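In listed order, ligands and their atoms are each counted from 1. Quick note: numbers below take in every heavy atom, side chains included, and nothing from hydrogens, waters or symmetry partners. Just so it is clear, the structure is predicted and the values come from calculations on it, not from any experiment. Nothing fancy with the numbering, it's 1 onward along the sequence.
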Amino acid sequence: RQAAFRTDLSVLLDQVGTGKESLSFMKRRIRRLAQQWATAANRLDAKLEQQWRDQKKILVHVGFLTEESGDVFSPKVLKGGPLGEMVQWADILTALHVLGHNLKISMSVKELQGFLGVPPGRGSCPLTGPLPFDLIYTDYHGLQQIKQHMGLSLKKHKCHIRVIDTFGTEPAYNHEEYATLHGYRTNWGYWNLNARQYMTMFPHTPDNSFMGFVSEELNETEKRSIQQNKVNNMAVVYGKEASMWKLQQGKESFLQILHKYMEVHGTVYYETQRPPEVPAFVKNHGLLPQHELQQLLRKAKLFIGFGFPYEGPAPLEAIANGCIFLQPKFNPPHSSLNHEFFRGKPTSREVFSQHPYAEQYIGRPHVMTVDYNNSVEFDSAIKEIMRTKVEPYLPYEYTCEGMLERVHAYIQHQDFCAPEPPFIPANLSRKGSAGGSRMMGPLFVPLPNTTALGWASNVTAPSAWPPLSSLRLLVSQEGQSCVDACQSAGFICEPAHFRFINNKEALRRLDVQCEVVDSEINHILPAFSVVRQECGLQREPLLFSCAGHSPKYRRLCPCRDFRHGQVALCRDCL
Ligand code: UDP
């Protein structure tokens, strides 16, 4: 069946259910953004020009909100606890509904069993028939529950699963045996999924897919009125829980400097009296409902982070409401190796500031990232912020239309169940086999100290997505990951393209001198050692990884182009 866009959200609101603060929060959000979603649906509908869209049967099982997982989030909704996850799930549900899919929502193990057709009280019971869904969106908690109730049949059906995973899962952690043997074993990873089945909050881990969420958009009138009503010396602090303010203690100076120039506002949760962590000069509003926070941000000139929480939605909302976001640089970077918060998360990603997306994808004048221990630098940043005029800004990928476009593309094109489509390297292709399929033209990307060559002019893969036309082959520096190699050339690493460059032909085209070519199981392959003239190809497709790096190796990197403001999609991806 063809999916038809929906602009009425009442059915969805009924499906979400009642009885918990988390559900009320999500429903308030869905209602508040309803008009914006409807407009976006109409625009995308027109943009896709009658393109056929399959209607999918989709189950959304929100594991972290189930009683069985302890549901630690719901009781904290009104107390300054994390809301980012709730924001994202509300938006995922809305996007799937608006795109016109056949949606079932489960927030308890009982509902999950009902939808999967597992008889009640049977515990772990392999699903015998076919899976009644095309797609299941869940999280790590939910995945565990699904495993318990599907038993061994999970293996057969897992290609249908998508895991919402805020901070990302790198391939080395995802591959059970490899993780166990090489020290990448955590409490979360090792599910042996295709790493693109994990979907993140920000596009920070190109090995995974980028799901995201949305932020409020302003029309031209609102933008103008915001700019007229900005209070140049008004700052709002990012941090709704008192503990986040502890970060400024001991180095009290930066908040004192800020207070020298600006009126400081906070939205810190409190029960009866001001939390001791919040200095007396701060005007604390208490935790605000989302729409009241937006109003506060519309007046404020500065939204300032103290280093925690990492990578949340609030800075995007602030920037969309015309604030400048000021945040600390982390030197050394934070990661699972050196910071409690990331410890045990299935990633080695290094976080160089509180909000790397804001730093890398938005940047000045909307975002300033400075060393908070350097009071001169901090002081001059505040003065610059008070002088600078900025317009409200929201990257396209965080608008409703951008999210609908991206989720639409994933649903229609990502298929982890089908066997890999045929791929014929040039030296193996038979005469005439390229007929009718998409071919990539020769390309040369000049890069300092990095080899980049046109390649793949004879490679064919008619049904690949992203299409092969987006592939750019690069070689990293020694010690550099493909994430960084592609990024420094203005591209993005595309794990789906590894299989096209994991062969002798690619090495030959790059003029790599190989004494030997081995095929091994190692997440930095394909790669080569210049000194030893050793080349290695990847033997385990699950370990194709944009993230890996090693000081002795230069990696072969499959990069691709991307759309401005929609990094998840290549130029020809729609
Ligand atoms: N938020 C809110 N009231 C407040 C402060 C924040 O409703 O007083 C909302 C905000 O609009 C954002 C959400 O909390 O959408 C999550 O914000 P944050 O970036 O702090 O991420 P978290 O750590 O909660 O995941």
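Among the atoms of L293, none of the N or O lies under 3.5 angstrom from an N or O of ligand 1. The shortest N/O to N/O separation between P289 and ligand 1 does not fall below 3.5 Å. The shortest N or O to N or O distance between R29 and ligand 1 is not below 3.5 Å.
Listed by number with element, the atoms of ligand 1 under 4.0 angstrom from any heavy atom of V87 are 15 (O). Of all the atoms in ligand 1, the ones that sit under 4.0 Å from a non-hydrogen atom of P309 are 20 (O), 23 (O). Residue P82 approaches ligand 1 through these ligand atoms, each under 4.0 Å from one of its heavy atoms: 24 (O).
Considering only non-hydrogen protein atoms, atom 19 (O) of ligand 1 sits nearest to Y238 OH, 2.6 Å. For atom 21 (O) of ligand 1, the closest non-hydrogen atom of the protein is P313 CD, 3.3 Å.
Ring to ring, F341 and Y310 are close: their centroids are under 6.0 angstrom apart. The distance between the ring centers of H141 and F64 does not fall below 6.0 angstrom. Taking the ring centroids of Y372 and F254, they lie under the 6.0 Å cut-off. Aromatic ring centres of Y398 and Y393 lie farther apart than the 6.0 Å criterion allows.
Between H175 and Y184, the side chains place no donor N or O within less than 3.5 Å of an acceptor N or O (distance only, hydrogens not considered). For E401 and Y396, the side-chain atoms include at least one donor-acceptor pair closer than 3.5 Å.
A donor-acceptor pair is defined here as one N or O able to donate and one able to accept, closer than 3.5 Å; such a pair exists between the side chain of S69 and the backbone of G63.
Comparing E292, Q294, Q88, K240 by heavy-atom distance to atom 24 (O) of ligand 1, the nearest is K240. Of the candidates L83, L288, V77, V268, it is L288 that places a heavy atom closest to atom 8 (O) of ligand 1. Of the candidates A318, G312, G80, G84, the one placing a heavy atom closest to atom 16 (C) of ligand 1 is G84.
The shortest heavy-atom distance from Y269 to ligand 1 is not under 4.0 Å.
Residues L394 and I319 have side chains not in contact (no heavy-atom distance under 4.5 Å, counting atoms from C-beta outward).
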